[in-house]
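Only a predicted model underlies this, so the values are computations on that prediction, with no experimental measurement involved.
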Amino acid sequence: MTIEVEIKQYVVASFAPDVPPDQLPSDLDLLDNGVVDSLGLLRLIAWVGDKYDIPVDEMNISPLQFSSVDSIQEFILETRSFV
């Protein structure tokens, strides 16, 4: 399973249960479109940290890095290359 699919499955299961994962656009702004709120953003960041073994508590993270499936995937891939 790809990182993109894993992220989509988590976002749909946690924040948009009525949307099939394959119908969630990877470039949809999750924050601006109300899919993820501020509390949900914290849950999403924590999930990424746990799932991909990224020390998110020690990082300076911007909401923009978690605004879409594409940006989350990019964050994971870039961070993993440095960790």
Visitor: First locate atom CG of Leu24, then atom CD of Glu4, and finally report the distance between them rounded to the nearest 0.5 Å.
Guide: 9.0 Å

Visitor: Same cluster or not: are Phe15 and Leu64 linked, directly or through other Ile, Leu, Val, Met, Phe, Trp or Tyr residues, by side-chain heavy atoms under 4.5 angstrom apart?
Guide: no

Visitor: Return the minimal non-hydrogen interatomic distance between Lys8 and Pro21, and the atom names on each side.
Guide: CD-O, 3.4 Å

Visitor: Hey, could you give me the CD/CG distance between Gln23 and Asp18, rounded to the nearest 0.5 Å?
Guide: 11.5 Å

Visitor: Between Tyr10 and Leu44, is any pair of side-chain heavy atoms under 4.5 Å apart?
Guide: yes

Visitor: Val5, Val35: one ILVMFWY side-chain cluster at the under-4.5 Å cut-off?
Guide: no

Visitor: Are any non-hydrogen side-chain atoms of Ile7 and Ile76 less than 4.5 angstrom apart?
Guide: yes

Visitor: Answer yes if Leu31 and Leu42 sit in the same cluster of Ile, Leu, Val, Met, Phe, Trp and Tyr residues linked by side chain heavy atoms under 4.5 Å apart, and no otherwise.
Guide: no

Visitor: Determine whether Phe75 and Ile61 make a side-chain contact, defined as any pair of heavy atoms from C-beta on separated by less than 4.5 Å.
Guide: yes

Visitor: Could you tell me whether the side chain of Asp37 and the main chain of Leu39 form a donor-acceptor pair under 3.5 Å?
Guide: yes

Visitor: Going from OH on Tyr52 to OG1 on Thr79, what distance comes out if it is rounded to the nearest 0.5 angstrom?
Guide: 12.0 Å

Visitor: Ser26 and Ser68: which non-hydrogen atoms are nearest, and at how many Å?
Guide: O-CB, 3.5 Å

Visitor: Any chance you could lay out the side-chain contact (heavy atoms from CB on, under 4.5 Å) test for Ile72 and Leu30, step after step, and finish with the verdict?
Guide: CA-CA 11 Å; Ile72 297 167; Leu30 302 171; 4.3 Å; yes

Visitor: When rounded to the nearest 0.5 angstrom, what distance separates CG in Asp29 from OG in Ser67?
Guide: 5.0 Å

Visitor: Hey, does Val48 have a side-chain heavy atom less than 4.5 Å from the side chain of Gln65?
Guide: no

